[in-house]
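Presented below is the structure to which this report refers.
We're numbering straight along the sequence, starting at 1. Whatever order the structure lists ligands and atoms in, that order sets their numbers, starting from 1.
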Amino acid sequence: MIKIAKFGGSSVASAEQFRKVKAIVESDPDRRFVVVSAAGKRFDGDNKITDLLLLVNAHIQYHVDCTALLADIEQRFVDIAEELGLSWPVRERFATFARNIKKHSPEYIVARGEWFTAHLMAEYLGLPFVDAADVVVFHHDGNVDMERTAARLKDVMVRKGCFVLPGFYGATVDGQIKLFQRGGGDITGAILARCIDAGLYENWTDVSGFLSADPRIVENPRSIRRITFDEMRELSYMGASVLQEEAIFPVREVNIPIQIKNTNRPEDVGTIIREKARLGEDEHLITGIAGKRDFISIHIKKAHMSGEVGFVRRALSIFERYGVSVEHIPTGVDSFSVVVNGADVRDSIYSIVADIRRELEPDDISMVDKLALLSVVGRNMSKRSGTSGKIFGALGEAGINIRMITQSSQEISIIMGVNNEDFDHAVQVIYDRFVRDEMVTTS
Ligand code: ASP
């Protein structure tokens, strides 16, 4: 089986981390295709190379001298090379890059983070280096040309049999460097996995996978061993992010599982993300709980609105006019609410409400702000009746007022609105009642 092993920034931040990567790659002959991010933070408060390179661009744009900054970046690579006794001419290559810095495009400059890191890693692992600019092909609009990319990746795979590929960037057919979004090394790994028909996409990072709740709220939460792509989408959307969200699409379409692993604790199983759970695996009721604070719910009431065609659409078009994306629309018979992210409407909320009043003439319009949304996610919830009732009951007993409820269409999540100040308590109550208790009864 071919495994793609993608190592994130913290996994390649220093010589010490490089050693861990080597041990991991060499412990499994299936790991022949390695993707790396740019060297990341070595410790809290340290800088990621990508951020430093973005800073270089800002210096150039404002005509500020960036010699010292470039020297810092160079030193990071030199330290790794010297400590590992590598012979790749890092100083020469960096000097050429720095000498021509003003001739390079901003994307080219930022992409050097992964380019230098991958060169060093390739030598250290004894694998060939493949430049992403030669194999990951972008259209001019910034989307990947999957057909060309697949053909090129398959070709190098056959020719070389193994390689190290820098993540995060590619190039148009005329050689212009293009970048993915931040964290985009994960996307490169997923594209490679898909294009060369890998059996598994391993994503090595600095956590042992997804946790079932935020460890800042819940003490020592259970790790999630298996999760479906849909569940992961729900959890990441609500803030429990480990993987670049866009990274799941290339692999999910062709059914390649992703395994999140911890470079610093390779013995931990991590989390495996698949399209469908296998029968008999992890019958946990709740897979995870996530959420975010600071939403606003605008409640619109009008008698007989359910018979008025286009009423909801007209309300939503007002939000659209202000460029505000709508998170949820819980509906009643003669009323509905529009839930939006507080930060998105900071400057426009009063104009939006005024427009709704004028254009829709509702009987009543009111607002609840400082609302936190909490998503309880679990593919098994739909199979067991009474789950939502039990969750609401538990929150009620704890004196937490639920201000809004919606359920996702596939019934894999229940989303509840509570006051911002009740958020942590609500997560804790649901975790204790449904996850911790389950752990006690099954252990
Ligand atoms: N180096 C890039 C970033 O920091 C991409 C990545 O790390 O995946 O966003």
Side-chain angles (χ1 to χ4, degrees), residues 4-14 17-18 20-21 24 33-58 69-70 72-74 76-77 80 94 97 104-122 129-133 135-136 138 142-144 149 163-171 177-194 201-207 209-210 232 236 241-251 258-264 273:
I4 303 303
K6 188 265 163 181
F7 293 90
S10 59
S11 303
V12 295
S14 62
Q17 295 301 86
F18 267 55
K20 293 180 189 167
V21 169
I24 290 166
F33 302 98
V34 174
V35 177
V36 291
S37 286
K41 295 184 185 185
R42 293 158 295 180
F43 43 83
D44 266 359
D46 193 19
N47 292 307
K48 295 174 80 169
I49 294 284
T50 306
D51 290 325
L52 296 176
L53 290 163
L54 285 164
L55 205 56
V56 168
N57 280 338
L69 186 54
L70 284 169
D72 282 351
I73 298 171
E74 176 180 12
R76 291 279 305 265
F77 295 128
I80 295 175
F94 203 89
F97 165 59
H104 299 312
S105 71
E107 288 88 352
Y108 180 93
I109 292 175
V110 175
R112 287 320 89 186
E114 344 293 283
W115 189 84
F116 277 97
T117 308
H119 266 293
L120 297 174
M121 186 60 83
F129 167 87
V130 168
D131 192 345
V135 286
V136 178
F138 275 83
N143 289 316
V144 173
T149 303
F163 55 75
V164 174
L165 178 74
F168 188 41
Y169 75 95
I177 298 288
K178 291 263 182 196
L179 302 175
F180 289 110
Q181 299 152 27
R182 289 303 306 267
D186 289 348
I187 306 176
T188 307
I191 289 177
L192 176 61
R194 180 194 174 124
Y201 172 23
E202 288 181 337
N203 192 286
W204 293 85
T205 177
D206 53 4
V207 289
F210 280 85
M232 198 203 89
S236 340
S241 172
V242 175
L243 193 71
Q244 219 293 346
E245 284 193 38
E246 296 298 315
I248 68 171
F249 297 106
V251 283
I258 305 178
Q259 186 158 21
I260 308 288
K261 294 278 290 175
N262 188 347
T263 303
N264 305 316
I273 315 162

Arg76/Asp46 salt bridge by N-O under 4.0 Å criterion: yes
What do you reckon, does Gly183 have a nitrogen or oxygen under 3.5 Å from a nitrogen or oxygen of ligand 1? yes
Non-hydrogen atoms of Gly184 versus ligand 1: any pair closer than 4.0 Å? yes
Looking only at heavy atoms, the pair that brings Arg194 and Phe249 closest together is NH1-O, 4.5 Å
Lys6 vs Ser11, test: side-chain hydrogen bond (donor to acceptor under 3.5 Å, both in side chains). Steps then yes/no. CA-CA 9 Å; Lys6 188 265 163 181; Ser11 303; over 6 Å; no
Do Phe163 and Phe129 have ring centroids that are under 6.0 Å from one another? no
Those atoms of ligand 1 less than 4.0 Å from some heavy atom in Gly185: 5 (C), 6 (C), 8 (O)
Could you list the atoms of ligand 1 found under 4.0 angstrom from a heavy atom of Arg182? 3 (C), 4 (O), 9 (O)
Using modelled atom types and a 3.5 Å cut-off, is there a donor and acceptor pairing between side-chain atoms of Tyr201 and backbone atoms of Asp186? yes
Of all the heavy atoms in Gln244, does at least one lie under 4.0 Å from an atom in ligand 1? no
Honestly, for Lys48 the part within reach of ligand 1 (heavy atoms, under 4.0 Å) is side chain
Test side chain to side chain contact (heavy atoms under 4.5 Å, CB included), reference Val136, set Phe180, Tyr169, Phe168, output is Phe180
Could you identify the single nearest non-hydrogen protein atom to atom 6 (C) of ligand 1 and state the distance to 0.1 Å? Ser37 OG, 3.3 Å
For atom 1 (N) of ligand 1, the protein heavy atom that lies nearest, with its residue and separation: Thr50 OG1, 2.7 Å
